[in-house]
Amino acid sequence: MARHLITSAIPYINGIKHLGNLVGSQLPADLYARYLRARGHEVLYLCATDEHGTPAELAAAKAGKPVADYCAEMWEVQSKLAEGFRLSFDHFGRSSSEQNRKLTQHFAKVLDDNGLIREVSETQMYSKADGRFLPDRYIEGTCPNCGFDSARGDQCDNCTKQLDPVDLINPHSTISGSTDLEMRETKHLYLRQSAMKDQIEEWIDTRQGWPVLTTSIAKKWLNDGDGLQDRGITRDLDWGVPVQKGDAPWPGMEGKVFYVWFDAPIEYIACGQEWVDAGKGDNWERWWRTDKGADDVRYTQFMGKDNVPFHTLSFPVTILGSGEPWKLVDYIKSFNYLNYDGGQFSTSRGRGVFMDQALDILPADYWRWWLLSHVPETSDSEFTWESFQSGVNKDLADVLGNFASRVTKFCRSKFSEAVPEGGTPGEAEAKLIADLTAKVREYETHMEAIEIRKAAAALRAAWVLGNEYLQEVAPWTTFKTDPEQAAAQIRLALNLIRLYAVISSPFIPDACADLLKAMHAEDAEWPDDVTAALTALPVGHAFTVPDVTFRKITDAEREEWQERFAGKRD
RNA sequence: GGCGCGGUAGCUCAGUUGGUUAGAGCGAACGACUCAUAAUCGUUAGGUCGGGGGUUCGAGUCCCCCCCACGCCA
């Protein structure tokens, strides 16, 4: 038994995430967490909402609510949806927590003590009407190059020319529309990532077997151009962690907050504290402090490729730069993007399926199965309704669901709703057990390597073995001449249902729980010994014929959904 | 423009450090079976491995050039 710390990239607070967001970190992390728990390991799986920054402020303003209230409400919404998808977080925290505020301020202090923070004076566009500095993308004006009238402060979307906000003709705030703007001087803190470049690179070079996607992105940022750049960690905003040196004020930084990218990853740690403070655990340091028991913890992070630079560079700079014994990540599993029907998912245009809508039309397991078995591991992958329909109908309904149905119904009709006795296992049974053992071991290997698509394929192949076996021994034929032998065959098949429910549970937890219940299974112990596991339900053990475990998606539904989610979410 | 990831059977994708007849699932065709959610099982399907050049006894798998798609960046 080992101890596994797992985190998935924390979703931003403003709004409901789409399936691409879900499959890019939380869902695979949940799969891994569930698998490890099923194998008897001790797991702490943490996630949270990322709440600070301008987008949250703007979304709150749009909703006409104070930003703190808005975030609290959205946290509830995201929390409910996570439950809906059966994401098994040990705790779902918030980056706006008191714990994170203190920890972030602590890290800033020790980084400053270690000479890794410097002050920079810069001029920035200030909007008097909004009472705030405006980031480049909140300023629009006419492009001096091509005359496009909605050029952003940093770039013209029309001619792609790189711009400086001061170059814009008639610049205005996109928040209020105000044109009363001026350049003001402001001071910011920068994290001296450049000073840590060699140490970070050395650390990354010692990471074995990381996905190409992860290391190639990290290497690019380390060595591209002038190398790893220092990065601002403060902003002129109200909503965020106030800039302080630990408990003490930071002269010259009054009224500023830490930039969201700085405090968000620290929330991984703070979330452990929240977990304890919520009464769900009693010691977070044994997960996070290598001097307090976290030495034997294996820490795995899950994230989309857009988050890789923060997790391979910025956050490690924070951790290593602190000089304190915090647990560093051991393995980073990163994902490409899931596209939607020939294009991108789009939150702003409402293109694609969002988490709430998905659960409105089908149970979580249907989504979990398709998404996980098509997770964009090696390259971007694509959601199409045809593929979704075929994956659900074929894999879940026909191969797995129907197997449980045909076996239990046959038994009920020829014997009773209990495991029948008689007969002896022969060659066919021995072959099935050998094949199944090999397949289960293969499945375990892929799961441990977090090769999710391959794991899904192996799992599906294990389901197919059951159908092959039935087809070969044909108990419906055997029964006519040798009912005892048919009983032995169906006894094995009934036990297969239980075994499938156990090993499939990380992918499709609800359906598996239903199947285990139908089989009146008393435990869900992992089949380390497949032969033994196939006698777990003894002769005479009662069961209940399960309801339709997975229903099929009709062509009419598919067409309707295809239409409904094509664009424009209200 | 720079960089990154890709371009393998109709579709979605596998293909370790280069090595016998390039694989899987879906779809399609044919056959078997009838217990089951008109489900299952079997067989078949022959793709210039984006294009060109090179290294090698031998390359989808290494090197160079080009084309295409997607993404990121300034």
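Below, read A as the first sequence line, B as the second, and so on, with proteins coming before strands; counting in each chain starts at 1. All of these numbers come straight from a predicted model, not from anything done at the bench.
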- Note on the structure: Separation of B:rU37 atom P from A:Trp463 atom CH2, nearest Å, is 19 Å
- Tell which nucleotide pairs with B:rU44, taking only Watson-Crick or G-U wobble pairs whose two distances are both under 3.5 angstrom. B:rA28
- Between A:Trp370 and A:Phe383, does the ring centre distance come in under 6.0 Å? yes
- Mapping A:His374 and A:Arg551 to their closest nucleotides on RNA chain B, which lands nearer the 5' end? A:His374
- Among B:rA39, B:rC35, B:rU12, the nucleotide that comes nearest once only the side chain of A:Asp398 is considered: B:rA39
- Item | Side chain A:Asn402 and base B:rA36 donor-acceptor under 3.5 Å | yes
- Send over the distance from A:Tyr340 OH to B:rG71 P, rounded to a whole Å. 17 Å
- Starting at the 5' end of RNA chain B and moving along, which residue's nearest nucleotide shows up first, A:Asp547 or A:Ser381? A:Ser381
- Task: Could you tell me whether A:Asn467 contacts a base, only the sugar-phosphate backbone, or nothing, with contacts defined as non-hydrogen atoms closer than 4.0 Å?
- Result: sugar-phosphate
- Please work out if A:Ser390 contacts a base, only the sugar-phosphate, or nothing of the nucleic acid, heavy-atom cut-off 4.0 Å. sugar-phosphate
- Nucleotide of B:rA32, B:rU37, B:rG71 approaching A:Gln471 most closely (side-chain heavy atoms): B:rA32
- Whole-Å C1' distance, B:rC30 and B:rG19: 36 Å
- Message: Please give the distance between the C1' atoms of B:rG71 and B:rG54 as a whole number of Å.
- Response: 31 Å
- Message: Using whole Å, what does the distance between atom C1' of nucleotide B:rA38 and atom CG of A:Asp555 come to?
- Response: 14 Å
- Message: Please classify the nucleic acid contact of A:Thr549 as base, sugar-phosphate, or nothing, using heavy-atom distances under 4.0 Å.
- Response: base
- Note on the structure: Of the candidates B:rU34, B:rU37, B:rC41, the side chain of A:Lys480 sits closest to B:rU34
- Item | Under 3.5 Å on both distances, the Watson-Crick or G-U partner of B:rG60 | none
- Message: Looking at A:Lys431 and A:Glu427, is any side-chain nitrogen of the basic one under 4.0 Å from a carboxylate oxygen of the acidic one?
- Response: no
- Note on the structure: To the nearest angstrom, the CG-P distance between A:Leu338 and B:rG6 comes to 18 Å
- Query: Using atom P of each nucleotide, how far apart are B:rG25 and B:rC41 to the nearest Å?
  - Reply: 10 Å
- Message: When the C1' atoms of B:rG53 and B:rA59 are compared, how many Å lie between them, rounded to an integer?
- Response: 14 Å
- Message: Looking only at the side chains, is there a donor atom on one of A:Ser381 and A:His374 sitting less than 3.5 Å from an acceptor on the other?
- Response: no
- Can you tell me if A:Thr544 and A:Glu417 form a side-chain donor-acceptor pair at under 3.5 Å? no
- Query: What integer distance in Å separates A:Phe310:CZ from B:rC72:P?
  - Reply: 14 Å
- Candidates B:rG42, B:rU37, B:rC33 - which lies nearest the side chain of A:Glu468: B:rG42
- Task: Using a cut-off of strictly less than 4.0 Å, decide whether A:Arg406 has a side-chain nitrogen or oxygen near OP1 or OP2 of B:rU34.
- Result: no
- On a whole-Å scale, what distance lies between the C1' atoms belonging to B:rU8 and B:rA24? 13 Å
- Message: With a 6.0 Å cut-off on the ring centroids, do A:Tyr126 and A:Phe133 count as close?
- Response: yes
- Task: Using the C1' atom on both, measure B:rU61 against B:rG6 and round to a whole Å.
- Result: 15 Å
- Does the distance from a Lys or Arg side-chain N to an Asp or Glu carboxylate O, for A:Glu442 and A:Lys454, drop under 4.0 Å? no
- For nucleotides B:rC73 and B:rA9, find the distance between their P atoms and express it as a whole number of Å. 31 Å
- Message: Does B:rA24 have OP1 or OP2 under 4.0 Å away from a side-chain N or O of A:Lys454?
- Response: no
- Message: Using a 4.0 Å heavy-atom cut-off, does A:Lys414 contact any base of the nucleic acid, only the sugar-phosphate backbone, or nothing at all?
- Response: nothing
- Salt bridge or not for A:Asp510 and A:Arg368, using N-O below 4.0 Å? no
- Value in whole Å for how far the P atom of B:rC13 lies from CG of A:Leu371: 14 Å
- So, is A:Lys394 near the phosphate of B:rU40, with a side-chain N or O under 4.0 Å from OP1 or OP2? yes
- Message: Run the side chain to side chain donor-acceptor pair (under 3.5 Å) test against A:Thr554 and tell me which residues pass, sequence neighbours left out.
- Response: A:Glu557
- Note on the structure: In whole angstroms, the gap separating P of B:rA39 from CH2 of A:Trp476 amounts to 16 Å
- Query: At under 4.0 Å between heavy atoms, what does A:Val407 touch on the DNA or RNA strands: base, sugar-phosphate, or nothing?
  - Reply: nothing
- Task: Let me know the distance between CH2 of A:Trp369 and P of B:rG25, rounded to the nearest Å.
- Result: 14 Å
- Query: If we call it a pair only when both distances are under 3.5 Å in a Watson-Crick or G-U wobble match, what pairs with B:rC3?
  - Reply: B:rG71
- Can you tell me how far C1' in B:rA22 sits from the matching atom in B:rA45, rounded to whole Å? 15 Å
- Task: Please work out if A:Phe403 contacts a base, only the sugar-phosphate, or nothing of the nucleic acid, heavy-atom cut-off 4.0 Å.
- Result: nothing
- Which nucleotide, B:rU12, B:rG25, B:rA36, lies nearest any side-chain atom of A:Lys409? B:rA36
